[in-house]
Every structure is written in structure tokens, then in C-alpha cells.
Amino acid sequence: MPTVTFTDAQGEQRTVEAAAGDSVMETAVRNGVPGIVAECGGSLSCATCHVFVAEEDLGELPEMEEMEDEMLYGTSEERQENSRLSCQLRLAEDTDLHVTTPETQV
Ligand code: FES
């Protein structure tokens with residue numbers, strides 16, 4: 001079963017179990033994890049599901065599509081090298097992902 005550990009901007013951590021095939025955003029929303037707004041519900045049009053992925057986990061993720069790349073220029077907190085939109089991160093059965101949520105999404 002995949003797991004996702006969310007660390008907020010204050011350093012507070014929360015690990016939740018996920019379902020394979022779900023996105024990191026869906027996992028956050030389902031578990032009431034604060035820091036992910038996801039205004040558009042995952043249709044890649046809001047950029048309020050921005051996360052910073054732990055460096056050691058970046059290689060586990062699918063390549064970024066052009067649309068996600070463009071949307072990342074519209075995030076509230078400035079984009080970094082490890083920025084991704086969590087609605088685009090589908091979890092595999094053996095994924096164990098660590099992400100940090102930004103100070104603000106809007
Ligand atoms: Fe809107 Fe990810 S939930 S872009």
C-alpha cells in the first residue's frame with residue numbers, strides 16, 4: 001500500500017496510507033491534510049495543489065507534462081526545482097513519497 005508523508009511549512013509531519021492509482025492530491029483531500037487546496041479538483045487548472053517533493057523521491061515520479069510545467073509558473077509560493085502539482089502524481093503500489101506543502105496555496 002502506498003504512503004504519503006506530508007510536511008507542512010511549519011515542519012509538522014503526517015503520514016497517510018493511500019490507494020494505488022490515486023493522486024497525492026486526492027490522498028490529501030480524502031484524509032483532511034491541510035495545505036492542499038485543489039480548487040479545480042484535479043483538472044490541472046488551478047495550481048493550488050502545489051507541493052515540494054523530497055529530493056530522494058523525485059526519481060520515482062512520472063515525467064512532468066508540458067501543461068503541468070506551465071501551471072507551475074502560476075503557483076502562489078514560488079516554484080522550486082522540486083515543485084510538482086500533486087494532482088498529477090499518481091501513486092503506485094509501492095510508492096512511499098515525502099512532500100512538503102507550501103506556506104500558502106492562494
Ligand atoms: Fe488544480 Fe491540481 S488540483 S491543478
Side-chain angles (χ1 to χ4, degrees):
M1 178 173 285
T3 62
V4 185
T5 299
F6 295 90
T7 302
D8 69 19
Q10 284 71 45
E12 202 144 313
Q13 273 197 350
R14 182 168 170 192
T15 300
V16 296
E17 291 184 342
D22 280 359
S23 70
V24 173
M25 178 278 280
E26 290 165 334
T27 303
V29 169
R30 186 171 304 122
N31 288 280
V33 175
I36 303 284
V37 176
E39 264 172 11
C40 77
S43 62
L44 203 47
S45 59
C46 73
T48 62
C49 62
H50 181 201
V51 294
F52 304 109
V53 178
E55 298 290 337
E56 65 270 22
D57 293 341
L58 283 171
E60 287 187 42
L61 300 177
E63 285 288 307
M64 190 184 298
E65 301 282 341
E66 192 179 335
M67 188 64 180
E68 180 186 355
D69 191 29
E70 285 177 20
M71 290 296 296
L72 276 166
Y73 287 106
T75 54
S76 182
E77 191 165 316
E78 195 173 343
R79 170 185 192 159
Q80 296 178 16
E81 283 289 314
N82 59 342
S83 286
R84 294 295 303 260
L85 293 180
S86 60
C87 67
Q88 301 304 299
L89 304 178
R90 294 273 159 207
L91 296 162
E93 188 59 54
D94 59 350
T95 308
D96 181 15
L97 198 63
H98 294 72
V99 301
T100 300
T101 52
E103 185 89 46
T104 180
Q105 294 279 13
V106 292

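Reckoned from all heavy atoms, side chains included, excluding hydrogens, waters and symmetry mates. As the structure lists them, so they are numbered: ligands from 1, and atoms in each ligand from 1.
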Salt-bridge contact Glu17-Arg30 (side-chain N to carboxylate O under 4.0 Å): no
Please identify which atoms of ligand 1 are closer than 4.0 Å to at least one heavy atom of Ala38. 3 (S)
Please identify which atoms of ligand 1 are closer than 4.0 Å to at least one heavy atom of Cys49. 2 (Fe), 3 (S), 4 (S)
Which atoms form the tightest heavy-atom contact between Leu44 and Met67, and what is the distance? CD2-CG, 3.5 Å
Nearest atoms (heavy-atom pairs only) where Ile36 meets Ser86: CD1-OG, 3.9 Å
Is ligand 1 under 4.0 Å from a heavy atom in the side chain of Ala47, in the backbone, in both, or in neither? backbone
Would you say Cys40 has an N, O or S atom lying under 2.8 Å from atom 1 (Fe) of ligand 1? yes
Think Arg84 forms a cation-pi with Phe52, using NZ or CZ under 6.0 Å from the six-ring centre and within 45 degrees of its axis? no
Atom 2 (Fe) of ligand 1 to nearest N/O/S of Cys46 below 2.8 Å: no
Against heavy atoms of Ser45, which atoms of ligand 1 measure under 4.0 Å? 4 (S)
What do we get for Ser86 next to ligand 1 when only non-hydrogen atoms under 4.0 Å count, side chain, backbone, both or neither? neither
Provide the number and element of each atom of ligand 1 under 4.0 Å from a heavy atom of Gly42. 3 (S)
Side-chain donor-acceptor pair under 3.5 Å between His98 and Thr7, yes or no? no
Under 3.5 Å side-chain donor-acceptor pair for Asp96 and Thr3: yes
